[in-house]
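Computed from a prediction, not measured in an experiment: that's the story for all the values here.
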Amino acid sequence: MANVTVIGAQWGDEGKGKIVDWLASRADAVVRFQGGHNAGHTLVVGENVYKLSLLPSGIVTGTLSLIGNGVVLDPWHFRDEVAKLKGQGVDVNPQNLQVAENAPLILPFHRDLDALREDASGAGKIGTTRRGIGPAYEDKVGRRSIRVCDLAHLDDLGPQLDRICAHHDALRAGFGQPPIDRERLLGDLWDIAAFVLPFARPVWRTLNEARKAGKRILFEGAQGVLLDVDHGTYPFVTSSNTVSGTAASGSGLGPSQAGFVLGIVKAYTTRVGSGPFPTELEDEVGQKLGERGHEFGTVTGRKRRCGWFDAVLTRQSCAISGVTGIALTKLDVLDDFETVKICVGYRLRGTELDYFPAHAADQSAVEPVYEELEGWKGQTTAGARSWADLPAQAIKYIQRVQELIETPVALVSTSPEREDTILVRDPFID
Ligand code: IMP
């Protein structure tokens, strides 16, 4: 039976929450494999709105939800998010939620460092979510992390704390901060361990058992390919690999299990944080896209930068992530325009380019080459559930998008409601 891997194909915030929620209702297990509580997924189910940053979207429907080893876990945020969902009537317990024992923790000094560095970086500021994501991943590859499984061995933490303090106290001193308070940290870890440990499991094993039993697994990506630490707009990226290939290493199932790779693509483009954005519109059109699309961050509440659809970037993301088909979201935001534009190429210092260059200076210097299409002003795509419900110009727009990105459309999402979806190809069916 097919599995599905969902990833964002732009800079995140493509509307993954709704699609993942819809797929999760038909999956047997949902696993997050990278990122942390920097993600923001909004799920609208009937009257209820759920905002998730860390927990897999399956949790809302009671589907087995797994946090893989590739995720960095802030245990206090974990506790708060579980409590918030329970407050909304969602049943969350160690039977339907598991956390990989080998997932690294985000600790308070990671959050401090994230903010201190951002504040000191002047024009080089990344615009992070300040949630400690980067410093936690740095400690993982630096072999200093305290991991979920360490919470069951806090009496033996001495050598690890020595390694952490040797590294962080020097950095903190540079920022005029006191050294890490080891006693306080240990006390806090003892407190939170009792909450986290009942959820701790060998998630790789749960997944392998699910695979052997022929269960449907949904891999839930966070952020987007353009924020990938290797393939994104480096250095203005997050600190994890957001491409589909990470589903394997970040969960403990081999790459052959990724199944249908569904790229979530917004019908226009948005970005939060700093960094190049070729089709950004700093005029009333950008303003209108932001207002119609309610483009404010779920995590930080920051206003998102907005621009026309960039087919060059999306084609590149789809290629890098081996996207089988896309889910096109928020088409209704384009409902009120006389004409709509698509970026079909770049001009860089007089040369035409059909891909996004690697260097930040070139990425900032490229000028978009647009194709202008007639809009469908006066008609609406909102709530459409079949092609017949769509204006002819909207269908032309979708067809042009899939042609340019060289990837077929599997789904079109036409409102935040789960049912307002046009299904072209069911990702779960071979
Ligand atoms: P970090 O992940 O907090 O280190 O932030 C690095 C960059 O990724 C910043 O530009 C953030 O705005 C961006 N980012 C992180 N998570 C998300 C997300 O879920 N959606 C959109 N952008 C994100």
Task: Donor-acceptor under 3.5 Å (Arg131 side chain, Asn38 main chain) - done: no
Open item on the list: Pair Tyr137, Asn241 - check side chain to side chain contact (heavy atoms under 4.5 Å, CB included), show working.
Closed with: CA-CA 11 Å; Tyr137 274 117; Asn241 283 109; over 6 Å; no
- [ ] Taking all heavy atoms of Ala327 and all of Ile19, pick out the closest pair and write down the distance.
- [x] CB-CD1, 4.0 Å
Open item on the list: Test your reading of the model: is there a side-chain donor-acceptor pair from Gln88 to the backbone of Val49, 3.5 Å cut-off?
Closed with: yes
TODO: Could you walk me through whether Thr242 and Leu226 pass side chain to side chain contact (heavy atoms under 4.5 Å, CB included), step by step?
DONE: CA-CA 8 Å; Thr242 57; Leu226 299 171; over 6 Å; no
Task: Within 45° cone and under 6.0 Å: Arg271 NZ/CZ vs Phe277 ring - done: no
TODO: List the steps and the verdict of side-chain hydrogen bond (donor to acceptor under 3.5 Å, both in side chains) for Gln363 and Thr233.
DONE: CA-CA 8 Å; Gln363 292 180 347; Thr233 45; 5.0 Å; no
TODO: Answer yes or no: are there more than 12 heavy-atom neighbours, outside Arg205 itself, under 6.0 Å from its atom CZ?
DONE: no
Open item on the list: Keeping Asn208 on the side-chain end and Trp204 on the backbone end, is there a donor-acceptor pair under 3.5 Å?
Closed with: yes
TODO: Please assess Gln160 against Asp150 for the test side-chain hydrogen bond (donor to acceptor under 3.5 Å, both in side chains), listing each intermediate value before the final yes or no.
DONE: CA-CA 10 Å; Gln160 260 162 290; Asp150 291 313; 3.1 Å; yes
Open item on the list: Any salt bridge linking Arg182 with Asp169? Criterion: basic side-chain nitrogen under 4.0 Å from a carboxylate oxygen.
Closed with: no
Task: Closest non-hydrogen atom pair, Leu227 against Val237 - done: O-CB, 3.3 Å
TODO: Determine yes or no for a side-chain-to-main-chain donor-acceptor pair under 3.5 angstrom, with Ser321 supplying the side chain and Ser244 the backbone.
DONE: yes
Task: Expected output: side-chain Ser413 to main-chain Thr421 donor-acceptor under 3.5 Å - done: no
Task: Atom pair CH2 (Trp11) and NZ (Lys266), whose distance is rounded to the nearest 0.5 Å - done: 11.5 Å
Task: All side chain to side chain donor-acceptor pair (under 3.5 Å) counterparts of Ser256, not counting sequence neighbours - done: none
- [ ] Go through the steps to decide whether Asp420 and Ser415 satisfy the test side-chain hydrogen bond (donor to acceptor under 3.5 Å, both in side chains), and finish with yes or no.
- [x] CA-CA 6 Å; Asp420 292 341; Ser415 98; 2.6 Å; yes
Open item on the list: Taking salt bridge (charged side-chain N to carboxylate O under 4.0 Å, His left out) as the cut-off, I'd like each qualifying pair that reaches into residues 283-293, sequence neighbours left out, listed once.
Closed with: Lys288-Asp336
Task: Glu280 (side chain) donor-acceptor with Arg305 (main chain) under 3.5 angstrom - done: no
Open item on the list: So if I apply the side chain to side chain contact (heavy atoms under 4.5 Å, CB included) rule between Val148 and each of Val99, Val71, Asn102, Ile67, which one comes out positive?
Closed with: Val99
Task: N-O pairing of Glu138 and Arg117 below 4.0 Å - done: yes
Task: Trp22/Leu423 under side chain to side chain contact (heavy atoms under 4.5 Å, CB included): CA gap, chis, key distance, verdict - done: CA-CA 11 Å; Trp22 179 74; Leu423 182 61; 3.7 Å; yes
- [ ] Report the C-alpha separation of Cys318 and Glu406 in whole Å, then their side-chain angles, then the decisive distance to 0.1 Å, and conclude whether the side chain to side chain contact (heavy atoms under 4.5 Å, CB included) test is met.
- [x] CA-CA 8 Å; Cys318 288; Glu406 299 170 3; over 6 Å; no
TODO: For Glu372 and Thr339, test the side chains for any donor-to-acceptor distance below 3.5 angstrom and give the result as yes or no.
DONE: yes
Open item on the list: Between Thr329 (side chain only) and Glu14 (backbone N and O only), is there a donor and an acceptor less than 3.5 Å apart?
Closed with: yes
TODO: Using a strict cut-off of less than 4.0 Å between a Lys/Arg side-chain nitrogen and an Asp/Glu carboxylate oxygen, indicate whether Asp21 and Arg418 qualify as a salt bridge.
DONE: yes
Task: Gap between atom NZ of Lys330 and atom NZ of Lys18 - 0.5 Å precision - done: 11.5 Å
Task: Closest non-hydrogen atom pair, Leu23 against Leu218 - done: CB-CD2, 3.8 Å
- [ ] Identify whether the distance between the nearest side-chain nitrogen and carboxylate oxygen of Asp139 and Arg163 falls below 4.0 Å.
- [x] no
Open item on the list: When you compare the side chain of Asp28 with that of Leu64, does any pair of heavy atoms fall below 4.5 Å?
Closed with: no
Open item on the list: Distance check, rounded to the nearest 0.5 Å: Asp354 atom CG versus Leu404 atom CG?
Closed with: 11.5 Å
- [ ] Could you note down all residue pairs passing side-chain hydrogen bond (donor to acceptor under 3.5 Å, both in side chains) where residues 57-70 supplies at least one of them, sequence neighbours left out?
- [x] Ser57-Glu220, Thr61-Thr63
Task: Residue pair Gly17 / Leu43: nearest heavy atoms and the distance that separates them - done: O-CD2, 2.9 Å
- [ ] May I ask you to decide if Phe260's main-chain N or O and Thr324's side chain share a donor-acceptor pair within less than 3.5 Å?
- [x] no
Open item on the list: Within the supplied structure, the quantity of interest is the number of heavy atoms (other residues, nucleotides, ligands) at a distance under 6.0 Å from Glu282 CD; does it exceed 12?
Closed with: no
Open item on the list: Is it true that, when you exclude Tyr355 itself, more than 12 heavy atoms of the residues, nucleotides or ligands shown sit nearer than 6.0 Å to its OH?
Closed with: no
Task: Test: Arg400 and Glu403 ion pair at under 4.0 Å - done: yes
Open item on the list: Using the side chain to side chain contact (heavy atoms under 4.5 Å, CB included) definition, which of the options Val401, Ile422, Ile326 pairs with Val409?
Closed with: Ile326
Open item on the list: Within this structure, what is the OH-CD1 distance for the pair Tyr234 and Ile126, rounded to the nearest 0.5 Å?
Closed with: 8.5 Å
Task: Spacing of Leu253 atom CG and Asn3 atom CG [to the nearest 0.5 Å] - done: 7.5 Å
TODO: Could you point out which residue of Arg111, Arg130, Arg79 forms a salt bridge (Lys or Arg N to Asp or Glu O under 4.0 Å) with Asp74?
DONE: Arg111
Open item on the list: Once rounded to the nearest 0.5 Å, what's the spacing between atom OG1 of Thr42 and atom NZ of Lys16?
Closed with: 11.0 Å
Open item on the list: My understanding is that only one of Ser240, Ser249, Ser251 makes a side-chain hydrogen bond (donor to acceptor under 3.5 Å, both in side chains) with Gln34; could you say which?
Closed with: Ser240
Task: Arg304 and Asp13 ion-paired at < 4.0 Å - done: yes
Open item on the list: Strictly distance-based, threshold 3.5 Å: is any side-chain N or O of Thr279 a donor or acceptor partner for the main-chain N or O of Gly307?
Closed with: no
TODO: Check the angle between the aromatic planes of Phe219 and Phe33 and answer parallel, tilted or perpendicular using the 30° and 60° thresholds.
DONE: perpendicular
Open item on the list: Which residue in the set Trp308, Phe309, Tyr397, Tyr268 passes ring pair (Phe, Tyr, Trp, His ring centres under 6.0 Å) when paired with Phe337?
Closed with: Trp308
TODO: Decide side-chain hydrogen bond (donor to acceptor under 3.5 Å, both in side chains) for Tyr346 and Asp310; before the verdict, give the C-alpha distance in whole Å, the side-chain angles of both, and the deciding distance to 0.1 Å.
DONE: CA-CA 10 Å; Tyr346 300 129; Asp310 189 332; 2.7 Å; yes
Open item on the list: Closer than 3.5 angstrom, by distance alone: can the side chain of Thr314 be matched with the main-chain N or O of Ala311 as a donor-acceptor pair?
Closed with: no
